[in-house]
J.: 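Below you will find the structure I want to go over with you.
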Amino acid sequence: MDLVKFVQDEFVTKNELPKFAAGDTITVYYEIREGDKVRTQFFRGVVIQKRGNGASETFTIRKMSGTVGVERIFPINLPTIQKIELNKKGKVRRARIYYFRDLTGKKARIKERRN
């Protein structure tokens, strides 16, 4: 196991990202390759969970696209991620807010944490 950790620490490029947690609203800017063209697209939503540690850490973002909920899972060390903006800090009691999927309307609001 120490060898695996050593290889991950040495050879996996780490992105400098802001600290965020479940309940925060973030915008992820990432590259899309279409043939030989490259463009930047963003995905703005609420962080549902952060999972894993080290090189295998991932986070799930959920947004509403019309009336349909869309979730996307991003690895932290994905090389196509250009930047992450922290839009709003959310005040939630849990680390994984799966219950957020079932909420609609005003119940789906998350209070903002002010520091």
Side-chain angles (χ1 to χ4, degrees):
M1 290 305 287
D2 295 329
L3 182 62
V4 173
K5 184 168 175 39
F6 173 75
V7 170
Q8 286 178 349
D9 291 341
E10 291 294 321
F11 297 108
V12 175
T13 59
K14 295 185 179 180
N15 296 337
E16 294 295 324
L17 304 175
K19 300 282 185 195
F20 59 90
D24 296 349
T25 303
I26 63 173
T27 305
V28 179
Y29 293 88
Y30 59 98
E31 292 179 354
I32 300 276
R33 297 185 196 277
E34 296 171 337
D36 52 343
K37 287 191 248 177
V38 177
R39 65 183 175 88
T40 301
Q41 185 170 334
F42 68 90
F43 193 90
R44 177 179 290 135
V46 177
V47 178
I48 298 289
Q49 71 170 347
K50 284 182 80 172
R51 160 175 279 169
N53 56 8
S56 63
E57 187 175 357
T58 62
F59 59 97
T60 304
I61 302 179
R62 178 179 178 85
K63 75 171 184 176
M64 292 301 292
S65 180
T67 58
V68 178
V70 179
E71 290 187 9
R72 176 125 194 217
I73 300 171
F74 290 98
I76 283 282
N77 293 319
L78 188 67
T80 59
I81 292 180
Q82 291 179 342
K83 66 177 178 175
I84 295 179
E85 286 181 356
L86 183 61
N87 301 106
K88 206 178 353 175
K89 293 284 251 179
K91 182 181 175 185
V92 293
R93 294 182 176 189
R94 299 177 184 273
R96 297 189 176 161
I97 52 174
Y98 297 130
Y99 65 87
F100 192 66
R101 295 172 176 158
D102 300 327
L103 302 180
T104 57
K106 287 187 177 180
K107 292 180 184 178
R109 290 188 192 165
I110 295 178
K111 287 189 176 180
E112 189 170 357
R113 185 172 7 138
R114 301 190 183 186
N115 292 345

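Because the structure is a prediction, the values reported are computed rather than measured.
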J.: May I have the step-by-step check of side-chain contact (heavy atoms from CB on, under 4.5 Å) for Glu71 and Arg101, ending in yes or no?
T.: CA-CA 10 Å; Glu71 290 187 9; Arg101 295 172 176 158; 2.7 Å; yes
J.: Around atom CZ of Arg94, are there more than 12 heavy atoms of other residues, nucleotides or ligands at under 6.0 Å?
T.: no
J.: If hydrophobic clusters are built by linking Ile, Leu, Val, Met, Phe, Trp and Tyr wherever their side-chain heavy atoms come under 4.5 Å apart, do Val28 and Val70 end up in the same one?
T.: yes
J.: Go through it in stages, so that I can follow the logic: the residues are Arg39 and Glu34, the test is side-chain contact (heavy atoms from CB on, under 4.5 Å), and I'd like the CA-CA distance, side-chain angles, deciding distance and then a yes or no.
T.: CA-CA 8 Å; Arg39 65 183 175 88; Glu34 296 171 337; 3.1 Å; yes
J.: Go through the structure and list residues passing salt bridge (charged side-chain N to carboxylate O under 4.0 Å, His left out) with Arg72, not counting sequence neighbours.
T.: none
J.: Rounded to the nearest 0.5 Å, what separates atom CZ in Arg114 from atom NZ in Lys88?
T.: 10.0 Å
J.: Just how far is it from atom CG of Leu103 to atom CZ of Arg109, taken to the nearest 0.5 Å?
T.: 12.5 Å
J.: First locate atom OG1 of Thr80, then atom CD1 of Ile32, and finally report the distance between them rounded to the nearest 0.5 Å.
T.: 7.5 Å
J.: Quick one, Phe59 with Ile76, criterion side-chain contact (heavy atoms from CB on, under 4.5 Å). Give me CA distance, side-chain angles, the key distance, then yes/no.
T.: CA-CA 7 Å; Phe59 59 97; Ile76 283 282; 3.6 Å; yes
J.: Could you list the donor-acceptor pairs under 3.5 angstrom formed between side-chain atoms of residues 42-56 and any protein atom two or more places apart in sequence or on another chain?
T.:
{"residue": "Arg44", "atom": "NE", "partner": "Thr27", "partner atom": "OG1", "Å": "2.9"}
{"residue": "Gln49", "atom": "OE1", "partner": "Tyr98", "partner atom": "OH", "Å": "2.6"}
{"residue": "Gln49", "atom": "NE2", "partner": "Thr60", "partner atom": "OG1", "Å": "3.2"}
{"residue": "Lys50", "atom": "NZ", "partner": "Phe20", "partner atom": "O", "Å": "3.3"}
{"residue": "Ser56", "atom": "OG", "partner": "Asn53", "partner atom": "O", "Å": "3.2"}

J.: Just how far is it from atom CD1 of Ile61 to atom CG of Asp24, taken to the nearest 0.5 Å?
T.: 10.5 Å
J.: Could you go step by step and tell me if Glu112 and Lys91 meet the salt bridge (charged side-chain N to carboxylate O under 4.0 Å, His left out) rule?
T.: CA-CA 6 Å; Glu112 189 170 357; Lys91 182 181 175 185; over 6 Å; no
J.: Looking at Lys63, I want to see if its NZ is surrounded by more than 12 non-hydrogen atoms of other residues, nucleotides or ligands under 6.0 Å.
T.: yes
J.: Enter the distance from Phe74:CZ to Ile81:CD1 here, rounded to the nearest 0.5 Å.
T.: 6.0 Å
J.: Do other residues, nucleotides or ligands put more than 12 heavy atoms under 6.0 Å from Arg93 CZ?
T.: no
J.: In Å and rounded to the nearest 0.5 Å, what is the NZ to NZ distance from Lys89 to Lys19?
T.: 10.0 Å
J.: Answer yes or no: is there a side-chain heavy-atom contact under 4.5 Å between Tyr29 and Glu85?
T.: yes
J.: Taking a hydrophobic cluster as the set of Ile, Leu, Val, Met, Phe, Trp and Tyr residues connected by side-chain heavy atoms closer than 4.5 Å, whether directly or through intermediates, do Ile26 and Tyr30 fall within one such cluster?
T.: yes
J.: Which atoms form the tightest heavy-atom contact between Ala22 and Val92, and what is the distance?
T.: O-CG2, 3.2 Å
J.: Do Ile110 and Met64 share a hydrophobic cluster (ILVMFWY, side-chain heavy atoms under 4.5 Å, transitive)?
T.: no
